[in-house]
Amino acid sequence: MTTTTPAPETETSNALSLAIGGMTCASCAMRIEKKLNKLDGVTATVNYATEQAKVAVPDGVSVDELIAAVESAGYTAAIPRPRNAAPVDGDADELEVDETAPLRTRLYTSLALAVPVIALAMIPSFQFDGWQWLSLTLTAPVVTWGAWPFH
């Protein structure tokens with residue numbers, strides 16, 4: 001059995017991340033990875049779940065070439081900004097927005113309405129005449145408004 005050892009790199013390489021947009025499946029990630037790896041000296045791995053590409057780039061390859069390679073495959077690429085970074089060029093429209101805030105509000109409201117329903121259904125001493133109607137009234141917003149983004 002023979003083993004091969006990789007040839008030592010003659011150029012120094014830099015590691016960077018690219019934010020990839022437009023991927024819809026794992027084969028998209030593989031397509032981007034193949035495109036990037038075709039560039040001389042570039043070693044890339046693309047993660048579909050995080051929409052990130054980790055790229056080891058030799059000194060002769062620019063970031064613009066990497067972005068052009070990804071865009072030639074039909075996707076978008078950019079260097080990700082740090083989460084708490086200030087907007088570039090004073091652009092106030094690019095402020096970081098918490099995208100999960102509306103979902104968190106729905107969760108807490110649905111939780112507050114669902115706990116009494118569960119208590120009424122599980123503890124017989126809490127049940128009174130017509131408790132099912134109260135449960136229906138409290139459950140309707142949970143099922144409709146609370147779960148709207150998921151339905």
Side-chain angles (χ1 to χ4, degrees), residues 6 9 12-39 41-59 61-151:
E9 289 188 27
T12 59
S13 62
N14 303 319
L16 62 97
S17 293
L18 289 175
I20 308 293
M23 289 190 296
T24 57
C25 60
S27 65
C28 295
M30 292 300 298
R31 190 173 301 122
I32 295 168
E33 192 171 307
K34 285 181 184 177
K35 263 303 199 195
L36 288 171
N37 286 331
K38 284 184 182 178
L39 297 173
V42 174
T43 305
T45 57
V46 178
N47 188 330
Y48 168 63
T50 61
E51 295 183 339
Q52 294 279 323
K54 302 290 184 201
V55 186
V57 184
D59 287 335
V61 179
S62 70
V63 176
D64 293 333
E65 291 178 62
L66 297 173
I67 292 173
V70 173
E71 288 177 350
S72 71
Y75 305 94
T76 61
I79 296 178
R81 279 193 345 216
R83 283 184 104 38
N84 296 329
V88 181
D89 299 326
D91 190 6
D93 293 337
E94 292 187 26
L95 291 176
E96 189 73 28
V97 177
D98 184 11
E99 296 174 359
T100 61
L103 292 175
R104 200 173 310 113
T105 301
R106 288 176 188 266
L107 171 70
Y108 294 146
T109 305
S110 297
L111 185 64
L113 293 173
V115 167
V117 172
I118 293 169
L120 282 171
M122 299 297 286
I123 303 170
S125 62
F126 288 170
Q127 296 174 357
F128 54 89
D129 290 336
W131 69 271
Q132 298 92 343
W133 291 108
L134 177 63
S135 291
L136 176 67
T137 305
L138 292 174
T139 305
V142 173
V143 173
T144 56
W145 175 78
W148 185 258
F150 306 107
H151 291 303

Output yes when a side-chain donor or acceptor of Tyr48 lies under 3.5 Å from a complementary backbone atom of Ser27, and no otherwise.
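Looks like no, no N/O pair under 3.5 Å.
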
[atom1] of [X] to [atom2] of [Y]: how many Å apart, nearest 0.5 Å?
| X | Y | atom1 | atom2 | value |
| --- | --- | --- | --- | --- |
| Thr139 | Leu134 | OG1 | CG | 8.5 Å |
| Ser110 | Leu138 | OG | CG | 11.5 Å |
| Ile20 | Ile67 | CD1 | CD1 | 8.5 Å |
| Met30 | Lys34 | CE | NZ | 5.5 Å |
| Glu71 | Asp64 | CD | CG | 9.5 Å |
| Thr45 | Lys54 | OG1 | NZ | 8.0 Å |

For the student: nearest non-hydrogen atoms of [X] and [Y], plus distance:
| X | Y | answer |
| --- | --- | --- |
| Ala121 | Gln127 | O-NE2, 3.6 Å |
| Pro80 | Ser17 | CD-O, 3.3 Å |
| Glu51 | Met23 | CA-CE, 3.6 Å |
| Gly41 | Pro58 | O-CD, 3.3 Å |

Any [X] side-chain heavy atom under 4.5 Å of [Y] side chain:
| X | Y | value |
| --- | --- | --- |
| Ile79 | Leu18 | yes |
| Val117 | Leu113 | no |
| Val70 | Leu66 | no |
| Lys35 | Tyr75 | no |
| Leu103 | Leu107 | no |

Partner of Glu33 under side chain to side chain contact (heavy atoms under 4.5 Å, CB included), chosen from Val46, Thr43, Val55
Val46

Does one side chain, of Arg104 or Thr100, offer a donor that lies under 3.5 Å from an acceptor on the other?
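Arg104 vs Thr100: donor-acceptor pair found between side chains.
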
Stepwise side-chain contact (heavy atoms from CB on, under 4.5 Å) check, Phe128 with Leu120
CA-CA 9 Å; Phe128 54 89; Leu120 282 171; 4.0 Å; yes

